[in-house]
Amino acid sequence: MSAYELRKSALVKAATGEKREIEYPRKADGKARYPSEIYGENVFTLKTMAKALPKPIFSSFLKQRRGRQNLDKTTADSIAHAVRVWAMDRGTTHYTHWFQPQTGTTAEKHDAFLSLLSSFTPGGEEVTAIDQFSGSQLLQSEPDASSFPSGGMRTTFEARGYTIWDTSSSMFVQSGPNGTSILYIPSVFISYNGDALDEKTGLLRSNEVLSRAASDL
């Protein structure tokens, strides 16, 4: 099909297609909710995080976010638990590390909060379903990067790519297919050797360099 035919088909569908019904959010009494009431309600903001975390844990996270210290395991585990509970209260079943590779698109790797634990008893194997999300799962994921060009300059184990949670960006919940919801974790994407494989890493590193230079001035 030519470009002209594609454009014509799109125009015909736009003119003759079914009218979309958009339901505006309303209160229990039927009145419309103000935009200010729903703005950012599906975003795990700093304000939301502060309410969900103990003060020492939240303070530790703020220090990491300002570049004063690394994110320790206790803080990471606490944030992971808090954001999982917050997200699941909104119907979320899966989470994804969301990043922007150098392909002009976005990419996601989805995992479920649901885990199955096996235990063996005299009567046989028993499987228990639990919901869990650890700090290590929040901080890092490992999508496949073996498809990236290498020019024969790396071994197989170095073909991994790592998504790392970008703590400067807030996590958020977005509707998925079939009435599901997904927790999006904004991330950067780097290689085994720390090279930037996405659009965001270079920007964050540039911001850090400019910040240090401005502070020196």
Side-chain angles (χ1 to χ4, degrees), residues 40-101 106-120 125-145 157 160-176 180-194 196-198 200-201 204-205 207-208:
E41 66 178 359
N42 289 326
V43 179
F44 195 65
T45 61
L46 285 177
K47 183 177 180 180
T48 304
M49 185 184 293
K51 292 180 179 179
L53 295 174
K55 287 185 177 180
I57 296 294
F58 183 65
S59 298
S60 176
F61 172 73
L62 289 181
K63 290 179 182 178
Q64 182 280 327
R65 185 164 176 166
R66 293 165 184 161
R68 298 178 182 175
Q69 67 180 36
N70 294 327
L71 195 64
D72 60 87
K73 186 179 185 303
T74 301
T75 302
D77 285 338
S78 298
I79 295 173
H81 174 76
V83 74
R84 178 185 65 79
V85 172
W86 172 84
M88 294 189 72
D89 285 344
R90 286 159 176 75
T92 300
T93 56
H94 290 68
Y95 65 93
T96 178
H97 286 81
W98 176 57
F99 58 100
Q100 295 76 35
T106 62
E108 305 168 12
K109 181 178 183 293
H110 291 237
D111 288 292
F113 290 126
L114 179 67
S115 297
L116 300 179
L117 297 182
S118 296
S119 59
F120 294 90
E125 181 182 7
E126 292 186 0
V127 178
T128 304
I130 62 171
D131 296 305
Q132 65 177 7
F133 186 47
S134 67
S136 60
Q137 290 173 305
L138 166 64
L139 290 176
Q140 178 178 305
S141 182
E142 187 181 337
D144 178 31
F157 73 90
R160 303 183 197 136
Y162 299 91
T163 49
I164 311 295
W165 173 34
D166 171 23
T167 58
S168 65
S169 298
S170 298
M171 293 175 277
F172 60 94
V173 168
Q174 183 167 299
S175 299
T180 61
S181 294
I182 302 165
L183 174 65
Y184 277 73
I185 305 170
S187 305
V188 297
F189 189 42
I190 60 175
S191 72
Y192 177 84
N193 294 317
L197 298 177
D198 66 338
K200 196 174 188 180
T201 300
L204 293 175
R205 289 175 177 173
N207 285 342
E208 184 177 354

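The first residue of the sequence shown is numbered 1, and numbering continues consecutively from there. These numbers were taken from a predicted model, which means no experiment stands behind them.
- Across all non-hydrogen atoms, the minimal contact from Tyr95 to Gln137 is OH-NE2, 3.6 Å.
- The minimum heavy-atom distance between Ser168 and Arg65, with the atom names listed, is O-NH2, 3.2 Å.
- Side-chain atoms of Thr75 and Gln64, non-hydrogen and from C-beta on, never get closer than 4.5 Å to each other.
- For the atom pair CG (Leu53) and OG (Ser59), the distance works out to 10.0 Å, reported to the nearest 0.5 Å.
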Using the rule given for side-chain contact (heavy atoms from CB on, under 4.5 Å), can you reason through Val43 versus Phe172, listing the C-alpha separation, both sets of side-chain angles and the distance that settles it, and then say yes or no?
CA-CA 4 Å; Val43 179; Phe172 60 94; 4.2 Å; yes
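- Between the side chains of Thr48 and Thr45, at least one donor N or O lies within less than 3.5 Å of an accepting N or O.
- For residues 53-82, every residue pair satisfying the ring pair (Phe, Tyr, Trp, His ring centres under 6.0 Å) rule, not counting sequence neighbours, is listed here: Phe61-Trp165.
- Lys200 NZ to Arg205 CZ: the interatomic distance, rounded to the nearest 0.5 Å, is 13.5 Å.
- Between the side chain of Thr201 and the backbone N or O of Ala196, no donor-acceptor pair lies under 3.5 Å.
- Within the 3.5 Å criterion, the main-chain N or O of Val188 finds no donor-acceptor partner in the side chain of Thr163.
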Walk me through it: do Leu46 and Leu62 pass the test side-chain contact (heavy atoms from CB on, under 4.5 Å)?
CA-CA 9 Å; Leu46 285 177; Leu62 289 181; 4.2 Å; yes
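- Considering all non-hydrogen atoms of both residues, Pro186 and Ser170 come closest at CG-O, 3.3 Å.
- Residues satisfying the side chain to side chain contact (heavy atoms under 4.5 Å, CB included) criterion with Lys63, sequence neighbours excluded, are Arg68, Gln69.
- Listed here is the closest heavy atom pair of Gln100 and Asp198: O-CB, 2.9 Å.
- For the atom pair CD1 of Ile182 and CZ of Arg90, the computed distance is 16.0 Å after rounding to the nearest 0.5 Å.
- By the 30° and 60° cut-offs, the orientation of the rings of Trp98 relative to Tyr184 is perpendicular.
- Summarising the local packing, CG of Asn70 is surrounded by 12 or fewer heavy atoms from other residues, nucleotides or ligands at distances under 6.0 Å.
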Residue pair Leu183, Phe113: steps toward the side-chain contact (heavy atoms from CB on, under 4.5 Å) verdict
CA-CA 10 Å; Leu183 174 65; Phe113 290 126; 4.0 Å; yes
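- Put simply, the side chain of Thr93 does not reach to within 4.5 Å of the side chain of Leu114, judged on heavy atoms.
- Between Phe133 and Arg84, the closest heavy-atom pair is CB-CD, 3.6 Å.
- Between the OG atom in Ser60 and the NZ atom in Lys55 there is a gap of 16.0 Å [rounded to 0.5 Å].
- With Ser136 contributing its side chain and Ser134 its backbone, the two residues share no donor-acceptor pair below 3.5 Å.
- For the pair Leu197 and Pro101, the minimum side-chain heavy-atom distance is 4.5 Å or more.
- With values rounded to the nearest 0.5 angstrom, Leu204 atom CG is found 5.0 Å from Asp166 atom CG.
- Listed here is the closest heavy atom pair of Ser118 and Val127: OG-CG2, 4.1 Å.
- Applying the side chain to side chain donor-acceptor pair (under 3.5 Å) test to Asp131 and every residue at least two apart in sequence or in another chain returns nothing.
- Here the CD1-CD1 distance, from Ile190 to Ile164, works out to 5.0 Å after rounding to the nearest 0.5 Å.
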